[in-house]
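A short worksheet on the structure shown next.
Each chain gets a letter, A, B and so on, in the order the sequences are listed, and its residues count up from 1. Predicted model, so just to flag it, every value in this text is computed and none were measured.
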2 protein chains.
Amino acid sequence: MRELCLPAGLQPDEVSELDRIIQKRQQVRSDEYLFHEGDVAQAIYAVRIGSFKSYRVREDGVWQIVGIHLPGELFGMDALADQHHRVSVQAMETSNVCALPLADLAALTIRIPSLGKQVMRMTSRELNTSYENHELLGRRSAQERVALFLCRYTDRRRNSGLKADSFDMAISRQDLANYLGLQLETVSRAFRQLKDNGCITASRSLLEIKNIDALREAAGFCHGKTDYAYHH
Amino acid sequence: MRELCLPAGLQPDEVSELDRIIQKRQQVRSDEYLFHEGDVAQAIYAVRIGSFKSYRVREDGVWQIVGIHLPGELFGMDALADQHHRVSVQAMETSNVCALPLADLAALTIRIPSLGKQVMRMTSRELNTSYENHELLGRRSAQERVALFLCRYTDRRRNSGLKADSFDMAISRQDLANYLGLQLETVSRAFRQLKDNGCITASRSLLEIKNIDALREAAGFCHGKTDYAYHH
DNA sequence: GCAACCTCTTGATCATGATCAAAAACTTAA
DNA sequence: TTAAGTTTTTGATCATGATCAAGAGGTTGC
């Protein structure tokens with residue numbers, strides 16, 4: 001438990017108590033499901049190793065990835081509104097999670113109030129990430145989307161204690177395109193441009209950030225601080 | 001307090017206690033700010049009357065609306081991750097909110113655990129709404145976006161106890177376009193088509209749903225239940 | 001009532017990214 | 001190693017929505 005995000009802000013004896021109760025560690029293979037949209041929620045989950053995708057499937061079978069979860073992050077809080085999951089979650093590579101059964105959580109939260117606060121904090125963080133995604137999809141070109149995604153993704157990897165300048169992307173081009181609201185071919189072309197500009201090198205799944213400043217520029221970050229005006 | 005979402009699931013005496021402490025009701029005029037991106041959080045807010053928009057402003061001054069808040073809904077939970085707001089919030093019409101100061105909230109949550117659960121529930125709901133927005137922006141035509149927005153918006157109005165088939169849209173075309181990741185002209189054209197199809201009538205701000213089934217169809221909902229396949 | 005202003009609508013053209021098609025790169029299994 | 005199957009790249013064309021431009025409809029203040 002210790003390496004997880006959850007115990008942050010807890011007393012050592014509280015961590016031990018949490019540790020004793022939450023012993024459910026699950027090994028999950030690539031593409032395996034943790035739960036489906038509509039399922040009655042059993043638990044929320046903390047990623048230990050690997051990565052996961054949250055997605056919704058429309059009536060017509062079209063799907064949309066709405067979240068990506070890296071080590072140290074929590075997922076499954078979509079079900080806290082009414083005990084039913086509103087997304088499906090699937091592993092994108094061989095992974096390992098720690099399940100926090102909702103029954104235990106309710107009891108524990110009363111004994112350890114800071115645990116409830118920590119779950120709240122992580123949910124708020126996920127909400128902000130989703131707001132950022134809305135911003136990314138709102139009015140940005142294909143290149144900006146891909147570049148911005150890479151910037152944010154590497155930042156999150158760094159936060160999760162993973163290598164951030166040269167690593168294996170568990171996300172397929174197809175999934176990435178879906179997540180970014182683009183076609184797979186468009187993502188491929190964006191990668192090409194970023195390679196040609198010397199921002200990155202990328203083979204099938206190995207990605208290397210060569211020039212973070214150029215990448216940030218492609219993502220639409222400003223260099224000089226513009227004293228921008230509010231829109232009113 | 002009674003007409004709000006927050007007391008749901010609380011005992012009568014707990015509601016009274018909440019009522020006694022949370023007496024801060026604020027009248028807010030159109031376009032007035034509740035807080036700005038980056039502000040240290042003072043409170044979370046429950047909408048009593050009116051509506052609000054959450055948005056982020058980029059370094060280059062481009063802004064993106066990421067959330068809309070109707071009566072009975074909570075906002076400001078973006079700050080629960082680290083006590084700093086990650087969006088700005090502005091009233092879209094003359095409104096009335098109830099502020100729940102964070103200091104009081106912390107104390108109250110210990111005395112009334114179900115209050116914390118309720119805040120958690122509302123945050124989870126907002127997270128799902130944001131996931132739905134990601135899905136809306138992902139891979140949908142301009143018409144679908146507008147029609148789907150109207151479907152969801154009227155549903156939420158109904159949930160908030162507001163008139164849902166004929167009402168005044170507080171959201172300007174400009175804001176709506178921004179929220180949906182479109183240009184204002186494109187939204188205007190989508191409205192025209194929906195009018196021509198007999199789905200709606202719309203003047204400047206008065207909107208009337210004439211044919212909800214046609215509207216749902218324009219939004220991409222299926223009629224017959226297709227036994228859809230999972231994508232794997 | 002008129003002028004100034006703002007928001008929304010409509011029209012015409014253009015650019016970006018979707019779609020269709022095929023080949024190349026990489027993976028897996030026999 | 002070869003063959004079959006994926007996934008990714010590249011090319012060519014097309015369609016949707018962005019952009020530019022002008023006008024219509026409402027609102028506000030004098």
Set out, line by line, the N/O atom pairs under 3.5 Å between protein and nucleotides 21-26 of chain D.
none

So what does [X] touch, heavy atoms closer than 4.0 Å: a base, only the sugar-phosphate, or nothing?
X: B/Arg189; answer: base
X: A/Ser203; answer: nothing
X: B/Leu182; answer: sugar-phosphate

Discussion item. Tell me which pairs pass ring-ring contact (aromatic ring centres under 6.0 Å, His included) where either residue lies in residues 176-217 of chain B, with sequence neighbours left out.
Written reply: A/His134-B/Tyr179, B/Phe149-B/Tyr179
Item to complete: If the plane angle is over 60° it's perpendicular, under 30° parallel, otherwise tilted; pick one for B/Tyr55 and B/Trp63.
Response: perpendicular
Determine whether the side chains of [X] and [Y] contain a donor N or O and an acceptor N or O closer than 3.5 Å.
X: B/His69; Y: B/Ser54; answer: yes
X: B/Tyr45; Y: B/Glu73; answer: no
X: A/Asp39; Y: A/His84; answer: no
X: B/Glu126; Y: B/Tyr131; answer: no

Worksheet entry | Contact interval (first through last nucleotide) of DNA chain C with protein chain A, 4.0 Å heavy-atom | C/dG17 to C/dC26
Discussion item. Run the salt bridge (Lys or Arg N to Asp or Glu O under 4.0 Å) test on B/Arg29 and B/Glu93 for me, step by step, so that the C-alpha distance in whole Å, both residues' side-chain angles and the decisive distance to 0.1 Å come before the verdict.
Written reply: CA-CA 6 Å; B/Arg29 266 162 316 181; B/Glu93 61 193 302; over 6 Å; no
Worksheet item: To the nearest 10 degrees, what angle separates the axes at the start and end of the helix from C/dG1-D/dC30 to C/dA30-D/dT1, five pairs each?
Response: 50°
Discussion item. Going by salt bridge (Lys or Arg N to Asp or Glu O under 4.0 Å), name the residues that satisfy it together with B/Arg189, two or more places apart in sequence or in a different chain.
Written reply: none
Worksheet item: Passes salt bridge (Lys or Arg N to Asp or Glu O under 4.0 Å), B/Arg140 versus B/Glu135? Steps please.
Response: CA-CA 8 Å; B/Arg140 297 189 106 114; B/Glu135 191 264 320; 2.3 Å; yes
Discussion item. Between P on D/dT8 and CD1 on A/Ile200, what's the gap in Å once rounded to a whole number?
Written reply: 14 Å
Practice prompt. Measure the CG-CD distance between B/Asn178 and B/Gln183 for me, rounded to the nearest 0.5 Å.
Written response: 9.5 Å
Worksheet, complete the sentence: Residue pair A/Ile171/A/Arg139 against DNA chain D: nearer the 5' end by closest nucleotide is A/Ile171
Would you be so kind as to tabulate the donor-acceptor pairs closer than 3.5 Å made by side chains of residues 158-166 of chain B, with sequence neighbours excluded?
from: B/Arg158; atom 1: NH1; to: B/Asp155; atom 2: OD1; distance (Å): 3.0
from: B/Ser160; atom 1: OG; to: B/Pro71; atom 2: O; distance (Å): 2.7
from: B/Ser160; atom 1: OG; to: B/Arg156; atom 2: O; distance (Å): 3.1

